Amino acid sequence: MLYYRHILPALRSPLTFRNCRLLSSVFTSPQLQSLGEGVKQFVKDNVELCQPDSIHVCDGSRDENQKLLHKLQKEGRLTKVTKYDNCYLARTTVEDVARVEGQTYICSERKEDTVPTPKEGVAPILGNWRSPQIMDKELTEKFTGCMKGRTMYVIPFSMGPVGSPLSKYGIQLTDSEYVVASMRIMTRMGGPVLDKIGDNGQFVKCLHSVGYPLQPGDKDPVWPCNPAKIAVAHFPERSEIKSFGSGYGGNSLLGKKCFALRIASILARNEGWLAEHMLILGITNPEGRKRYIAAAFPSQCGKTNLAMITPTLPGWKAECVGDDIAWMKFGDDGTLRAINPEAGFFGVAPGTNQSSNPNAMASILKDTIFTNVASTSDGGVFWEGLEKEISEDVSITQWRGLQQWEKLTKKEKSVIPASHPNARFCCPASNCPIIDENWEDPNGVPIDAILFGGRRPKTIPLVYEARNWEHGVFIGASMRSEATSAAENMGKKILHDPFAMRPFFGYSFSQYMDHWLSLQERKNVTLPKIFHVNWFRRDAEGAFLWPGFGENSRVLEWIFRRCDGEDIAQDSVLGLIPKPNTMNLKDLVVSQKKMEELFHTPKNELEEEVRDIEKFFDEQLPEQVPLPVMQQLQALKSKIAQSN
Ligand code: GTP
Ligand code: SPV
Ligand code: MN
């Protein structure tokens, strides 16, 4: 019988009679038999390895989803958020709340393809390399029998609209129903993707397990995971992703960071396009002219908020294409065209409210899964920032289930927040009231400007513009930002996060810079203008100098007008800043003194900045920084030296 050929190699691992019997029924299941050849082989190999009790090929239908959600509720893994329509709340364990950068690996044959070679004795911060052979061995041990007692779900998904020339397909195998339900929101999932892949089409092979097999009679925890054995591994040469031990966000929704950034960035380099950690938004001026911009900010630095901005400037309109990832390729007309490869938002909950992001608040009223937020006694949800938006008479259950959380003092609440700082909502992009009419255009939208930015409490002005493409690449390469809670264990340090891609590079940052630089050699293309923004500058008391959020439209207006070629910029040490009185500050409640502070770049701080960038290049990529970027650094140094 056919299946024995597949089972035999697995006999090296202890397969019980029961498992053999189960496996045989899995192999002969009509669902498996219905798959195209390539996908079927991939599934069979992993059924053999993971030994699930059953398999389920997801069709992505509403009916299938409802059944899964029902099952998750029955098992106590999701609770219904009754105040809203078809919304649910999941709570992870305390150990499984964020991406695990330390256990995330790129496994290429040659190490130098993945990470630059740091100076001797320096720990690399631009990615973790493992040899594919060693990783394979480790993962085979981890994955062997890891789905016992569980169902393996086969998720066919598309990153980007199905059929778009910019889209790519994937198949994720997972033993987590929460992941299936979330992938259905975040990607285009189901049958049409299988049709596109057919028998021999290409797809990225994604394998995920929470790493918690069940023996008969075992009690399944509410959030099964295996933090001690977590590994998130990428094999770019085989278009493979394997993730073990975590059920959380970027570790388990493999279409997102693993595929759409790490694997895609390599495909992009090889095929001549860009896969970036960027939001995409359209802005229309009062005359009705529209431009699209993309912006790269590190995790938790305001991408979702800017993507859904409600401009305070009268007459300006913003529309959202994507809030986290952009795939960009030059079109036949020479413009850089961007698609959002995702179909949903996996946004940071804390800080989101009617005044900071009303569009996000409107997006989460239906078909949304919340993770690690607090709940309210009237069947709603709560997180830091919603204090003014819940009724007085409701009680709050903190995300870990702590009762009477409200009774804590303000000080205690700052240590024990109601929701986890990295709590998220996962909702369909189509829920967003300002979703752009072209958000699913298979050819993408034309990008006129690229913004870089981060959380910089001092030194970096509100906005400045790159003098040219090479200068822009230098600005991206030297980006820094305050650490956030989207990744494990990092205090409030200012970290280097070039292009907001540090945790997401699929290949060596030094080659990545070469790739960006090479775009200026393209014939007949229009390169977008590049800017750097900083909404997070603080005054001496530690308060934000800039009101941010909707008021950021004032900066967008200046950028828009620069794209129009208006003469409203003047050179400064870092780059082109607004000429006096060219930013629209009408009705803004920021004092002249604060505005000056927002653009003040003290010489000693700039000198420190350059020392840090130099140290970063020298320690992390000695002799591997492309010459044009080094020349930009030298130019900046001499500009600082000449300044007073
Ligand atoms: P990831 O999903 O991790 O990639 O995060 P993100 O870049 O999409 O960040 P998001 O928009 O969710 O914002 C993260 C935090 O920054 C939230 O707490 C926001 O309230 C806050 N934030 C966003 N924009 C601004 C702003 O203009 N000013 C200030 N002060 N805070 C902001
Ligand atoms: C980020 O950390 O940038 C996120 C969340 O968008 S996660 O998907 O977990 O990476
Ligand atoms: Mn992100």
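Predicted, not measured: the structure shown is a model, and the values here were computed from it. Indexing begins at 1, ligand by ligand and atom by atom, following the structure's order.
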Return yes or no for this condition: an N or O of [X] is under 3.5 Å from an N or O of ligand 1.
X: N305; value: yes
X: K257; value: no
X: T352; value: no
X: F549; value: yes

Between [X] and [Y], does any side-chain N to carboxylate O distance fall below 4.0 Å?
X: E101; Y: R99; result: yes
X: E609; Y: K458; result: no
X: E465; Y: K529; result: yes

Discussion item. Under 2.8 Å from the Mn ion (ligand 3), can any N, O or S atom of D324 be found?
Written reply: yes
Worksheet entry | 2.8 Å cut-off met by an N, O or S atom of F346 to the Mn ion (ligand 3) | no
Short list, please: which atoms of ligand 1 are under 4.0 Å from a heavy atom of [X]?
X: R424; answer: 1 (P), 2 (O), 3 (O)
X: R455; answer: 15 (C), 16 (O), 21 (C)
X: F544; answer: 30 (N)
X: P298; answer: 7 (O)
X: P350; answer: 17 (C), 18 (O)
X: D324; answer: 4 (O)

Worksheet item: Within the structure, does S299 bring an N/O atom to less than 3.5 angstrom of an N/O atom in ligand 2?
Response: yes
Practice prompt. For residues F560 and W316, establish whether the separation of their ring centroids is below 6.0 Å.
Written response: yes
Item to complete: Would you please indicate yes or no on a ring centroid separation below 6.0 angstrom for F157 and Y169?
Response: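 No, the ring of Y169 stays outside the 6.0 Å limit from the ring of F157, centre to centre.
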Worksheet entry | F616 and H496 aromatic ring geometry - parallel, tilted or perpendicular at 30°/60° bounds | parallel
Should one rank [options] by closest heavy-atom distance to [atom], which comes out on top?
atom: atom 7 (S) of ligand 2; options: A500, G347, G250; result: G250
atom: atom 9 (O) of ligand 1; options: A98, G302, S356; result: G302
atom: atom 5 (O) of ligand 1; options: Q300, E384, E551; result: Q300
atom: atom 31 (N) of ligand 1; options: W535, F425, F536, F297; result: F536

Practice prompt. Compute both the distance and the angle, then confirm whether R262 meets the cation-pi test with F505: under 6.0 Å from the six-membered ring centre, within 45 degrees of the axis.
Written response: no
Discussion item. Can you confirm if the NZ or CZ of K257 lies within 45° of the ring axis of F504 and under 6.0 Å from the centre of its six-membered ring?
Written reply: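 That pair qualifies as a cation-pi contact.
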Part of [X] within contact of ligand 1 (heavy atoms, under 4.0 Å):
X: R99; answer: neither
X: P547; answer: neither
X: C301; answer: backbone

State, without any angle test, whether [X] and [Y] hold a side-chain donor-acceptor pair at a distance under 3.5 Å.
X: N353; Y: S356; answer: yes
X: W516; Y: E276; answer: yes
X: S243; Y: N251; answer: no
X: N552; Y: R554; answer: no
X: S246; Y: D96; answer: yes

If you count the atoms of ligand 2 from 1 in the order shown, which ones are under 4.0 Å from a heavy atom of [X]?
X: H277; result: 3 (O)
X: K256; result: 6 (O), 8 (O)
X: F346; result: 8 (O), 9 (O)
X: D324; result: 6 (O)
X: K257; result: 1 (C), 3 (O), 4 (C), 6 (O), 7 (S), 8 (O), 10 (O)
X: Y248; result: 9 (O)

Discussion item. If you count every heavy atom of other residues, nucleotides or ligands that lies below 6.0 Å from K317 atom NZ, does the total exceed 12?
Written reply: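 Result for NZ/K317: open.
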Practice prompt. With rounding to the nearest 0.5 Å, note down the distance linking CG in N584 to CG in L313.
Written response: 5.0 Å
Practice prompt. Quick one: do K410 and E412 satisfy salt bridge (Lys or Arg N to Asp or Glu O under 4.0 Å)? Show the steps, please.
Written response: CA-CA 5 Å; K410 216 172 162 190; E412 286 166 332; over 6 Å; no
Worksheet item: So is Q300 in contact with ligand 2, going by heavy-atom distances below 4.0 Å?
Response: no
